[in-house]
Protein chains: 4
Amino acid sequence: MSDKTFVEKCASDKRTAILEATLALISERGFHNTPMSLIAKTSGVSTGIIYHYFSSKEELISELYKDIKFEFIRTMLADYSEDLSLKERFLGMWFNLVRYGLNYPTKGLFLEQFENSPYTKCVVKEDFEHAIAPFFDFCQQGVEAGILKPLPPLVLFDLGFSTAIFLVKRHAAGVVVLDDELMQTTANACWDAIKI
Amino acid sequence: MSDKTFVEKCASDKRTAILEATLALISERGFHNTPMSLIAKTSGVSTGIIYHYFSSKEELISELYKDIKFEFIRTMLADYSEDLSLKERFLGMWFNLVRYGLNYPTKGLFLEQFENSPYTKCVVKEDFEHAIAPFFDFCQQGVEAGILKPLPPLVLFDLGFSTAIFLVKRHAAGVVVLDDELMQTTANACWDAIKI
Amino acid sequence: MSDKTFVEKCASDKRTAILEATLALISERGFHNTPMSLIAKTSGVSTGIIYHYFSSKEELISELYKDIKFEFIRTMLADYSEDLSLKERFLGMWFNLVRYGLNYPTKGLFLEQFENSPYTKCVVKEDFEHAIAPFFDFCQQGVEAGILKPLPPLVLFDLGFSTAIFLVKRHAAGVVVLDDELMQTTANACWDAIKI
Amino acid sequence: MSDKTFVEKCASDKRTAILEATLALISERGFHNTPMSLIAKTSGVSTGIIYHYFSSKEELISELYKDIKFEFIRTMLADYSEDLSLKERFLGMWFNLVRYGLNYPTKGLFLEQFENSPYTKCVVKEDFEHAIAPFFDFCQQGVEAGILKPLPPLVLFDLGFSTAIFLVKRHAAGVVVLDDELMQTTANACWDAIKI
DNA sequence: TATGAATGAGGCTTCATTCAT
DNA sequence: AATGAATGAAGCCTCATTCAT
C-alpha cells in the first residue's frame with residue numbers, strides 16, 4: 001500500500017468512495033431507487049467519473065458484489081485450521097459468519113438482496129469456488145470420518161449456515177435479538193443438523 | 001363464486017391476469033425492469049385499467065406479495081393436525097413447503113426477492129401472524145413436551161425451514177437436484193436441528 | 001382521408017408535426033445539434049410521445065428520409081409518359097427535380113446531408129428501386145434506340161442529374177442564381193452529356 | 001523539413017497523427033459518433049494534447065477540411081498547363097479528380113460529408129478562390145474561344161465534374177465499378193456537357 | 001509539452017401515472 | 001369499465017473541455 005503513488009491512491013480512494021456509497025445506498029434503498037446521480041453525490045464525485053471506474057451501473061453493482069462476497073468468504077474461513085476438530089472448525093465458521101453479518105449489516109443485506117434478485121444471473125460464480133475450497137475439504141473429511149451426514153457440500157452448507165443467515169437478517173430487522181446465548185444454542189443446533 | 005355477475009367475473013379475471021403477469025415478469029426480470037406497460041401487454045389489458053384495480057405499482061406488488069405469502073403459509077399448513085406426532089407435523093410442513101417451492105418456482109423466487117429487498121418494509125407483517133398460528137402452537141407444545149429445543153418460534157422456524165428454502169432455490173438454479181431421497185435425508189436433518 | 005376518425009387524425013397530425021420539425025431542424029442544424037428535446041418543443045409535443053411514433057432517433061430520421069426520398073422520386077417522375085420523346089421525358093424529369101429542390105429547399109438539403117453521412121448505410125435502398133423504375137425504362141429504351149450513350153442507368157442518372165442537384169445546392173447557398181434561362185441552358189447541356 | 005528540431009518534428013508528427021485519425025474516424029462514423037477521446041486513442045495521444053494543437057473540436061474539423069480541400073484542388077490541377085488544348089486540360093483535371101477520389105476514399109467521403117452538412121457554413125470559402133484560379137482561366141479562355149458553353153464558371157464546374165464526384169461515391173459504395181473504360185466514356189460525356 | 005482523471009451539462013430514452021374519449 | 005395516447009420527470013450514460021500534475 002505504502003508504495004502507491006499519490007495519483008494511484010487518489011484514484012483508488014475515489015473508486016472506494018463510489019463502492020462504499022453504492023453499498024450504503026443500495027442496502028438501504030434497493031437497486032432501483034438508487035440512481036447513479038445519488039451515488040455520485042453521496043460519494044462526493046461527479047457523475048461522469050463513475051464511468052471511468054465502472055463501465056455501467058450493472059458492472060458497478062457486480063463488482064461490489066464480488067468484492068463483498070470474497071470478503072465474506074475470507075472472513076468466514078479466517079481462522080480455519082485442520083489442527084482443530086471438525087466441530088471446532090464448524091463453530092468457528094458459524095460464528096465468523098454471524099459476526100460478519102452483525103458487524104457489517106449493510107454488506108449482509110446487500111449480499112442477500114443481490115443473490116435473490118435476477119441480477120445474480122449476470123455474475124460468474126466459479127470465481128468463488130477456489131475461495132470456498134477449505135469448506136469443501138471440511139465436508140469431505142467429515143463425511144469420510146463418519147462424523148458428518150453423507151450429503152453434497154452445498155447441502156451441508158445450507159444445513160449448517162442457512163439458519164445463521166436467516167437469524168442475522170432477523171436481527172437486522174429487529175425481530176430477534178441475537179445475543180451470545182442464542183448464538184451458542186443455535187450454533188450447536190446447526191451442528192446437530194449436519195453431524196450424524 | 002358462481003353467483004358473481006358476468007361483469008364481476010370479467011373484472012376479477014382481469015385482476016387475476018394482471019397479478020399473474022406481474023408474478024411471471026418480476027420473478028424473471030426483477031422489480032425494476034418490469035414496467036407497468038409490459039405488465040399490461042403481458043396480461044392483455046390496457047395500461048390504464050391496472051390503476052382501476054391497484055392504486056400504484058407499489059400497491060400491486062404488495063398485494064401480489066400478500067396473496068402469495070398467504071397461499072404459501074396455507075399450503076405449508078395444509079394438513080397440519082394436532083392428531084399427528086410433533087415429528088410427523090414437522091415433516092408434513094417441511095415437505096409441503098418444499099413441494100410448494102418446486103411446484104410454483106416463480107412464486108418462491110418472487111417471495112425471496114421481495115423479502116430480501118427494501119420493498120419488504122412497506123408491508124405490514126402482522127397480517128400473517130394469524131395464518132401462521134398453528135406453527136406457533138407446534139413450537140409451544142414441542143418445547144413444553146421437552147421434545148423441541150427451548151428457543152423462540154422464529155428461531156425454530158429458521159432451524160427447521162431455512163435449509164428447505166435454500167435448497168429450493170438451489171434446485172431452481174440447477175446446482176442441486178432435489179430428489180426424494182435428498183428431501184428425506186434433509187428433512188430429517190432439519191428435525192435433528194430443532195429436536196432436543 | 002375524410003373517413004379517418006378524430007383520434008386517427010390527431011395521431012397522424014402529431015406524427016406529421018414531429019417529422020416536419022425534424023426536417024426543419026436537421027436541415028438547418030445538422031443531425032448532431034438537433035436533440036430530441038428540441039424536436040419535441042418545436043413540434044409542440046412532449047419528449048416521450050416521440051417514442052410512441054418512432055422507436056429511436058435513428059428510426060425517426062430514417063423514416064423521414066424514406067418519406068422525402070419517395071416524394072422526391074414521385075415528383076421527379078410526375079408527368080413521365082412514354083408518349084413523349086426521350087428528350088422531352090428527360091427535360092421533364094430534369095425540371096421536376098430542380099423545381100422540387102427550389103420549392104422545398106429543406107428537403108433537398110436534408111436528402112443531401114443524409115446521403116452523404118454514414119447514417120445512409122442504415123437504410124435499405126432496395127425500397128426505392130420500384131419507384132425509380134420508369135427512369136430505368138427510359139434508359140433502356142434510349143440506349144436501344146441509339147439515342148442515349150450505352151452506359152449503366154446509374155451512370156446515365158449521374159450524367160443527367162448530378163449537375164441539377166449541385167446547382168440547386170448552389171442556389172440555396174446563394175452563390176448561383178438559378179433563373180429560367182440558366183435552367184434551360186443547363187438542362188440542354190445535361191442532355192448533351194447523355195445523348196449520343 | 002529537415003531543419004526542424006526534434007521537438008518540432010515530434011510536435012508536427014503528433015498534429016498529423018491527430019488529423020489522420022480524425023479523417024479516418026469521421027469518414028467512417030460521422031461527426032457525431034466521433035468523440036475526441038476516440039480521436040485521442042486512435043492517434044495515440046492524450047485527450048489534453050489535442051487542445052494544444054486545436055482550440056476545439058470544431059476547429060480541428062475545419063482545419064482538416066481546409067487541408068484536404070487544398071490538397072484536392074492542388075491534385076486536380078497538378079499538371080494543368082496552358083500549353084495543352086482545352087479538351088486535354090479538361091480531361092486532365094477530370095482524371096486527376098477521379099484518381100484522387102479512388103486513391104483517398106476517406107478524403108472524398110469526408111469532403112462530401114462536410115460540404116453537405118451545416119458545418120460547412122463555418123468555413124470561409126474565399127481561401128480556395130486563389131487555388132482554383134487556373135480552372136477559372138480555363139473557363140474564360142474556353143468561352144472566349146467559342147469552345148465552351150457561355151456559362152458561369154461554377155456552372156461549368158458542375159457540368160464538368162459533378163458526375164465525376166457522384167461516380168466516385170458510387171464506386172466507394174460498391175454500386176458502380178469505375179474501370180478505365182467507364183472513366184474514358186464518362187469523361188468524354190462530361191466534355192460533351194460543357195463544350196458547345 | 002504531455003497526461004488522463006475529473007467535471008457536469010446535456011443527450012437519448014424509459015416509465016409511472018393521468019385523462020380524454 | 002376500458003383504452004392507450006400523452007405527459008414530463010428522472011434515469012443512464014456520453015463527451016467536449018479543463019486542470020493538477
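Lettering of chains follows the sequences in order, A, B, ..., and the numbering in each one begins at 1.
- Within the 4.0 Å cut-off from OP1 or OP2 of F:dA1, at least one side-chain nitrogen or oxygen of B:His52 is found.
- Comparing A:Ser55 and C:Val45 along DNA chain F, the residue whose closest nucleotide (by nearest heavy atom) sits nearer the 5' end is C:Val45.
- What separates CG of B:Leu25 from P of E:dC15 is a distance of 12 Å, to the nearest Å.
- Remark: DNA chain E takes part in the stems E:2-21 with F:2-21, each of 3 or more antiparallel Watson-Crick or G-U pairs, criterion distances under 3.5 Å.
- Residues C:Pro118 and D:Ser27 share a closest heavy-atom pair of CG-O, 4.4 Å.
- Residue A:Tyr51 has its side chain nearest to F:dT14 when only F:dT14, E:dT3, F:dA9 are considered.
- Of the possible donor and acceptor atoms, one in the side chain of A:Lys125 sits under 3.5 Å from a partner among the backbone N and O of A:Thr120.
- The residue among B:Gly48 and A:Ser46 whose nearest nucleotide of DNA chain E is located toward the 5' end is A:Ser46.
- Here the P atom of nucleotide F:dA2 and the CD1 atom of B:Ile18 are 9 Å apart, to the nearest Å.
- Taking every heavy atom of both residues into account, B:Ile18 and B:Val45 meet most closely at CG1-CG2, 4.1 Å.
- Put simply, A:Lys14 has no side-chain N or O that comes within less than 4.0 Å of OP1 or OP2 on E:dA5.
- Counting only distance, with no hydrogens or angles, the side chain of D:Thr42 and the backbone of D:Ile39 share no donor-acceptor pair below 3.5 Å.
- For D:Tyr53 and E:dA2, the shortest distance from a side-chain N or O to OP1 or OP2 is below 4.0 Å.
- Taking the charged nitrogens against the carboxylate oxygens, D:Lys107 and D:Glu71 do have a contact shorter than 4.0 Å, which makes a salt bridge.
- A salt bridge does not link A:Lys66 with A:Glu59: none of the charged nitrogens is closer than 4.0 Å to a carboxylate oxygen.
- Using modelled atom types, one finds no donor on one side chain facing an acceptor on the other under 3.5 Å when comparing C:Glu58 with C:Tyr119.
- Taking atom CD1 of residue C:Ile50 and atom C1' of nucleotide F:dA6, one finds them 12 Å apart after rounding to whole Å.
- In this structure, CD1 of C:Ile39 is placed 12 Å from C1' of E:dG11, rounded to the nearest angstrom.
- Of the candidates F:dT3, E:dA5, E:dT17, the closest approach to any side-chain atom of A:Ile49 belongs to E:dA5.
- Toward the 5′ end of DNA chain E lies the nearest nucleotide of D:Gly44, the other residue of the pair C:Pro35 and D:Gly44 mapping further downstream.
- When the side-chain nitrogen and oxygen atoms of A:Lys57 are compared with OP1 and OP2 of F:dC13, none of them lie within a distance under 4.0 Å.
- Rounded to whole angstrom, the span from the CZ atom of D:Arg15 across to the P atom of E:dT1 amounts to 12 Å.
- You'll find that the side chain of C:Thr47 is closest to F:dA9, out of F:dT7, F:dG11, F:dA9.
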